[in-house]
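Note sheet for the following structure.
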2 protein chains.
Amino acid sequence: MSAVKRDTYTPQSLLAVAVQVFNERGYDGTSMEHLSKAAGISKSSIYHHVASKEDLLRRAVSRALDGLFGILDEEHARVGRAVERLEYVTRRMVEVLTAELPYVTLLLRVRGNTDTEQWAMERRREFDHQVAELFEAAVADGDLRADVEGRLATRLLFGMINSVVEWYRPEVRGADGPAVADAVVQLAFHGLRTDT
Amino acid sequence: MSAVKRDTYTPQSLLAVAVQVFNERGYDGTSMEHLSKAAGISKSSIYHHVASKEDLLRRAVSRALDGLFGILDEEHARVGRAVERLEYVTRRMVEVLTAELPYVTLLLRVRGNTDTEQWAMERRREFDHQVAELFEAAVADGDLRADVEGRLATRLLFGMINSVVEWYRPEVRGADGPAVADAVVQLAFHGLRTDT
DNA sequence: AGCGTAACCGAACGATCGGTCGGGACAAGG
DNA sequence: CCTTGTCCCGACCGATCGTTCGGTTACGCT
C-alpha cells in the first residue's frame, strides 16, 4: 500500500457523494445521471466502483446500522440501572446520528421498495425493539412514568431523537453533536416546562 | 346535485387511493401504473379525474396544510397565556395528524424535487415558524425552561409530534387521536422521568 | 521503454416513465 | 330512439430509467 493516494474515486468516497445526493433528492428520485453529474465522472464509470445503485444504498444503510448497533455493545449500555442505561443510549444515539448524519438519514427514510430496503427496515426494527426493552425495564424499576404506555412513549422518544436528521447541519457552529445530545436527554427525561 | 351517487371515482376518492400508495412506495417510487392497479382503472382513466401525478400531490399536501393552518385560527391558539396556547397547538397538531394521517404523512416526506414540493416545504416552514414564535413567547414568560435554546427545543418538539405519522395506525384500538395527543403533551411538557 | 490494469468514457440496450389520443360503453334526459 | 356527456379503455408517444458493452487513456511497476 503506497502512502500517496491517486486523485480517483474509491467505493467509499463515491458513496459519500452518492449518499448526499440520495438525501437531497430521495433514493427513488435520484438517477444514475444525477450521481454522475455530482461525482464528476460518467454514468458508466460509476459501475467500475460499485455493482449497482442498490449496492450504494446497501453500503450506506449498513454503515448506519453498524453505528447504531455498536451503541448497544458499549459498557454503559449493558451495565447499571435501566434508566441510566436508557439515558446513555439516548445520548449516544444522538451522537451517532450527528456523526454519521447522511448515512443514518438515508436509513431512516427507506420505504421498503427493494430487498435491500426491506432488510434495512427489519434490522432497524430490531434495534428499536432492543431499546424498547430497555425502556420497559426502566418503567418496571419505577424510574419512568407509568401513566403513558411504554410502547407509545418509546416511539415518541425515538421520534424526538430521529428528528435530528431533519435539521442538524454540522457546519453550523454553536451546537455540535454532544451538545444536541444533552438537550435531547434534558427535554426527553425532564420535559419542557419549568414548574415540574 | 343528485342524492344518489354512481359507483365511480371522484377526484377526492381517487386521491385517497393515490395518497395511500404514495405513502407506501414514496412519491417518486410510485408510477401511474401502480396507481392504476391500486385504483382498479386504467392508467389513462386517471387523467379523466386529475390533471397529472403532480396534481394529486398538490391536492394531498394542500389538504394537510389546510388542516394545520386551521389550528392557528382556533380561539385557544390565539388567546391566553403563551404556554397554554402552545400546549393547545401541540395537542391539536397530533389530533390533525391522526385525523388526516395519509395527507400529513405525504406532506412531511416531500423532498423538494418539483415546484409543488418546494411550495409545500415553504408553507410548512411558515407553519413551523409561527409555532416557534409561540414557543419563544412562552420562554419569555418564564413558563418554559431557558437552559435549552428555543429553536433547538422547538425542533425536538416538532420531531416528537411529527413522528406520529411513522407509526400511528387508526385501525389499532386503545389509542385514538386525542389519547395520543394527551401522551404527547404529557411527555413533551413534563418529561419521561417520575422524579422530576 | 514496455506491459498490465485501474479508471474512465460514449453509445446503446430493453424496460419503464408520465402523459396523450381517438374512440367505445353506458346511463340520463328529451 | 336518439343525443349528450361521463367514464373508461388500449395503443402509443418521446423521454428517461438502470445497466452493459467495447474501447481508450493514463498510471504503477519492472
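Within every chain, numbering begins at 1; the chains are lettered A, B, ... in the order of the sequence lines, protein sequences first and strands thereafter.
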Roughly how many Å is it from [atom1] in [X] to [atom2] in [N], rounded to a whole number?
X	N	atom1	atom2	result
A/Asp28	C/dG18	CG	P	11 Å
A/Lys37	D/dT16	NZ	P	12 Å
B/Met32	D/dG10	CE	P	16 Å
B/His34	C/dT16	NE2	P	10 Å
A/His48	D/dG22	NE2	C1'	15 Å
B/Leu35	C/dT16	CG	P	17 Å
A/Tyr9	C/dC9	OH	P	10 Å
B/Ile46	C/dC17	CD1	P	12 Å

- Item | Sugar-phosphate only, base, or nothing, as touched by A/Thr10 at under 4.0 Å among non-hydrogen atoms | nothing
| message | At 4.0 Å (heavy atoms only), tell me whether B/Ser31 reaches a base, stays on the sugar-phosphate, or touches nothing. | response | sugar-phosphate
**Report entry** Salt-bridge contact B/Arg92-B/Glu95 (side-chain N to carboxylate O under 4.0 Å)
**Finding:** yes
Salt bridge or not for B/Arg59 and B/Glu54, using N-O below 4.0 Å? no
With the side chain defined as heavy atoms from C-beta on, A/Lys43 is closest, among C/dG10, D/dC8, C/dA12, to C/dA12
Looking only at C/dA7, C/dC9, C/dG18, the nucleotide nearest the A/Thr8 side chain is C/dA7
- request: Compare all side-chain heavy atoms of A/Arg123 with those of A/Phe69 and state whether any distance is below 4.5 angstrom.
  value: yes
Q) Given side chains that start at C-beta, do those of B/Thr98 and B/Pro170 come closer than 4.5 Å, heavy atoms only? A) no
Will you find, in the side chains of B/Glu117 and B/Tyr27, an N or O donor that is under 3.5 Å from an N or O acceptor?
no
Is the base of C/dG10 touched by the side chain of A/Ser44 through a donor-acceptor pair closer than 3.5 angstrom? yes
Between D/dC8 and B/Ser45, is there an OP1 or OP2 to side-chain N/O distance shorter than 4.0 Å?
no
